[in-house]
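Residue numbers start from 1 in every chain, and the chains themselves are labelled A, B, ... in the order their sequence lines are given, proteins ahead of strands.
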Amino acid sequence: MTDMIEKIKIAKKECLAEKRLNIGKFGKNWLAVSGLLLIAVLCVFALFAPKIAPNDPFAQRLENRLLSPSSEYPFGTDELGRCIFSRVIYGTRISLGIGILVVAATSVTGTAIGLLSGYRGGLLDEAIMRGVDIVMAFPNIILALVIAGLLGPGFSSVVLALSLTHWPAYARLVRGQVLSLRKRAFVEAARALRPSSFYIMRKHILPNCIQPVIVLGTLEIAHVIIFASALSFLGLGIQPPVPEWGSMLKSGVPYLRTAPHVTFFPGLMIIFTVFAFNFAGDGLRESSGQPVSQEVLAG
Amino acid sequence: MWKYIAKRLAMVSIVITGVTFVVFSAMYLAPGDPAEVIALARYGDDLSVSQIETLREAEGLDAPVHVQYLIWLGHLLRLDLGKSLVTSEDVLTEILQKLPATAELAVASLLVSLMIALPAGVLSALRKNTLLDSGCMFVSLLGVSIPNFWLGLLLIWLFALTLQMFPSFGYGSLKHFVLPAFTLGTSMAAVTARLTRASLIEVMGQEYIVAARARGFDEGTVLIRHAMKNALLPVLTFAGMQFGYLLGGAVIVETIFSWPGIGKLLVDSIFAMDFSMIQGCVLFIAVLFSLSNLAVDLLYAVLDPRIRYDRHD
Amino acid sequence: MALLKVENLKKYYYSGLFKKEIHRAVDGVSFEIDKGETLGLIGKSGCGKSTLGKTVLRLLEPSAGRVLFDGQDISGFKGSALKSLGTKMQIIFQNPESCLNPKMKIYDAIAEPLRLHRLCRKDEERGRVQELIEAVSLSEELLFRYPRELSGGQVQRVAIARVLGLKPGFIVADEPTSMLDPLVQAQILLLLKKLQTDYEISFLFISHDMQVVEWMSDKIAFMEEGKIVGFR
Amino acid sequence: MSSALLSIEDLNVSFKTSKGIVKANEGISLEVRDGEILGLIGETGCGKTTLGKAVLRLLSENAKLDGKIVYRGTNLLSLPEKEMRRFRGKEIGIMLQNPSACINPVLSTGRQIAEIYRYHEGMGKKEAEKKAGDMLELVGISSLRKNDYPHQFSGGMLQRVMVAIGLALRPGLLIADEPTKGLDQDMKVQIAELIVGLVRKENASMLLITHDLDLAGSLADRLAVMYAGEIVEIGKAEAVISKPKHPYTLDLLHSLPGKGLRTVLGQPPSLVSPPSGCRYHPRCSFRFDACSRVHPPLLGPDGEGFTRCFLSEKERRKETLEQPLLNAQPVIGCEKEEIWHC
């Protein structure tokens, strides 16, 4: 018996080594690693914004308006003399917040809906999929625009608008996975043990379709951040004086000729963030051996 | 095949019916009483209670919701999208008037995106894992990450304001097309290039490609006769979705470049709380999008002999 | 008395809104299997033999007919009666690539049936799993590996160990060796035969390979287009 | 003795993978003679498919080949890619495994055959299509079905289409990789007889790669048995089947249900780090001490057969395989000397 325990210990160690190997594979993928590093940097920005920002992001000093980048104001100042660098750093909180909130909400509900639809099949599936089709019949940004526009501007309406429009991607992805998993012999073998349907979904189906959901989720954070800033840019999302990148960009448009830095830097920050999540998502996708699919691309 | 077409048609009509329902109920998302909101849009801030009540009766807003929906649906069937609450123009006429501008922008952008994406995607796939491939994919990942409103502004700053090569806004001449089409086209090109590459790499790894080589064909024949058709089928389906991107992206690009299309019309009506115009625009866009997806599906059925009866499965 | 008695079993497939009948996969099949006996079921691919196997177990709901197990008609079983059926009748599948959950370690795959049916106490579980993996002649080093690290023959053994833990009286073996190489096939067949004598299991052994079926079975049924056309 | 059409000399094929270097083929030497059917037998993963693809240089890019593959006097391995194409299809036809994956799903079967004629023989569209129709008829498919797509055919029919494609240009050699895998018993026999009949009629040669001993034994003139990337035995078909010289061949034969269903324990070894000495020694019931230390070369010829087993030497000293040598005592010294001489 002790012999066996010893052997099991060795086997477990091997398993761990194997896991490390997988991490190593991920590590070789420099895209993914640099993406994760960039995300880490962003998280630092968001958490320690007050420590990093050199100036008060809300402090207006009209005598300093539209200054070019300098040592005091690394990214210059905006039309009200606020420090753009500080505002950009604080903006991380908002964009990451929206991205994570929306993706958390949509991935969980979308996955649940997809599981239900795929496993139950029949009329329920038919109904859910037509619902998905209906939501997907609207170009994402347009539906979000209208919902946000009608709800009125603000953080919560942006989150709601994006959540209402972004769940179908997960539902479709998961349903597809479930349908192919359901035919696999191990699911049938599990059914022969006669557990509840819930048990099969939880133990046998969900673990096998979670990986693509994680990949999709990571890429979706990128999409959501772009969409949220687009809404704000159009004036339908987060409103000034809140330092949201899209709305900062918008306020710089009238000064594009004289002070392009006001629009340039917030945009750069959006790219940086979206890039980070796209990198990480793409790396995850590659190390999980998942193909580039339309779901993943279209989001 | 006919069964497939019939099924697709049935599905599209279900979806469009659902779309009308969503569009109709979206109106109730706005906080407050619709009649009041409409009155605000129509008469401005100083309005009396009686004005609101007259409006409620005139617009049929006193009827139960489902009756209102059915009435509205009845109007839709007669292609009557109502009148603008602000300008009192006929909504459909207004939309059709703006359609050509949007359509032209969409076609131009699609051309730009395909001209960049297909060569880049195919080349990357064929030179898989080389510096060229990594470079292309890096640029395309960057392309996906650039918001088009920022790219648009950057292009305006560079080519319109600084170099003064192209106009920064407006519609009319060919020169006006360059910046908007490029803005909208590049972000789509990035996505399409990635899909093209992935799809071609997958196809080139299939056993039937090895089998084609085994028949003594040269690489060019293998690529064009055996790989391309299979590889481009998913890209084609994606073109349907891209049409949605185009319409969505048009909203932003049209706003930046003051392009007189449906996108700008929609944004303007949202700010004016012009309900019937919002409904009209969104409905029009959604129907257009659904029909384009239908067209792609049917095209797919013609091109792909395997045509599966439920492709979503 | 026969352990398993199948009477006029039917499985039809329907399609569309009006439930138009499109396919008679199993069309009125009757047979009996005694305790510890193997009935070989042979037929071409697409003749409905796999469907028959699953319908007998009620993994597919029969369109008509009865299945008697130990004298009881299982067609109407619900709830706990149906659940207990899981310990009495089991199935082994053909494809070693997909018959184990890729995200489940071998240990959990073998322990799962025991846990689901509460067949042993928690502290006995490890010992029981150990016994089972030894019963199928695999080394216990494999217990903490994932299915993808195992060869086809090893996966098939694990699938057998899983089922064995339930001590079923009847197993449907759905082409368990058709994707294996001859040496491995021989290993698995010998194992099945040994377990059959050790545990007194009855088999419905489905295959398209006459030699294999002849070696394995006491009786052979020939199936064509959903019907059994002869016994031997 | 007829001359060699294809002769493979000391071929090594290895793949670089994340798990290490997979030595899929090691020291393969064999020849396919004019008008002969050579059966290549082995289990999954023994490298037989690699060997088949290597002949036409169809392996993936991470494959490394050395040795010689000589077809009618030309070493295929030293040809530039462009020259190589002349041999594919025209001189050597190949039917790869699994027809449903090997036939392009979006092109009609007729077109896939016709394009071979158009490409290689410069035929016009009409002529090529007519020829494709004839070819389909030849393999037992109505030419009316030439406009049908692969998914409209059953597995057996697709295999017939593969035969038509493989033989379209009347090659001198046909390599058929598992042409009967996944088919029902009757269909297996039908397809196998069809291929062999056509090959014999054309006076062509064939390399028949299969795991099915019965099939290969009844159709092939000679048999080669592969284990873990090596050829372990090669000889006349009847001889190999009735008097196998290598213990692996013997075990393989006895594992068939019709032949007693005896088996050996264990798994085929990994091709990354194969066992020392004879690769079969961990599973072999005849092993003796030298087996684990010395890698046996192909020994023989004995009659016309070769085998990679020291027992064949012992056999000459009147010890037969019928009497298991489980207790065979280690033979060091002189015996080892002898082995080196071989």
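Between chain A and the residues C/Pro113, C/Ser84, C/Pro102, C/Ser139, the most heavy-atom pairs under 4.5 angstrom are made by C/Pro102. The greatest number of non-hydrogen atom pairs below 4.5 Å with chain A, out of C/Met104, C/Gln94, C/Gln90, C/His117, is found for C/Gln90.
To the nearest 0.5 Å, atoms CZ (C/Phe77) and CZ (A/Arg194) are separated by 10.5 Å. If you take SG on C/Cys99 and CZ on A/Phe186, they are separated by 10.5 Å, rounding to the nearest 0.5 Å. How far CG of C/Leu114 is from CG of A/Leu193: 10.0 Å, rounded to the nearest 0.5 Å. Put simply, CD on A/Glu188 and CD1 on C/Ile91 are 6.5 Å apart, with the number rounded to the nearest 0.5 Å. Remark: C/Asp108 CG to A/Lys203 NZ distance equals 6.5 Å, nearest 0.5 Å.
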Going through the checks in order, is the side-chain contact (heavy atoms from CB on, under 4.5 Å) test met by A/Arg184 and C/Glu97?
CA-CA 9 Å; A/Arg184 302 270 293 273; C/Glu97 269 162 39; over 6 Å; no
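Contacts between residues 156-173 of chain C and chain A, defined by a heavy-atom separation under 4.5 Å, are made by C/Arg162, C/Leu166. Residues from residues 109-122 of chain A never place a non-hydrogen atom less than 4.5 Å from a non-hydrogen atom of chain C.
Within a 6.0 Å sphere centred on CD of C/Glu125, heavy atoms belonging to other residues, nucleotides or ligands number more than 12. The neighbour count for C/Lys193 NZ, taken as heavy atoms of other residues, nucleotides or ligands under 6.0 Å away, is above 12.
Contacts between C/Leu100 and chain A at a heavy-atom distance below 4.5 Å involve the backbone alone (N, CA, C, O).
In this structure, C/Lys103 and A/Asn208 approach most closely via the heavy-atom pair CG-OD1, 3.1 Å.
Contact annotation: the side chain of A/Arg191 never approaches that of C/Lys54 to less than 4.5 Å [non-hydrogen atoms, C-beta and beyond].
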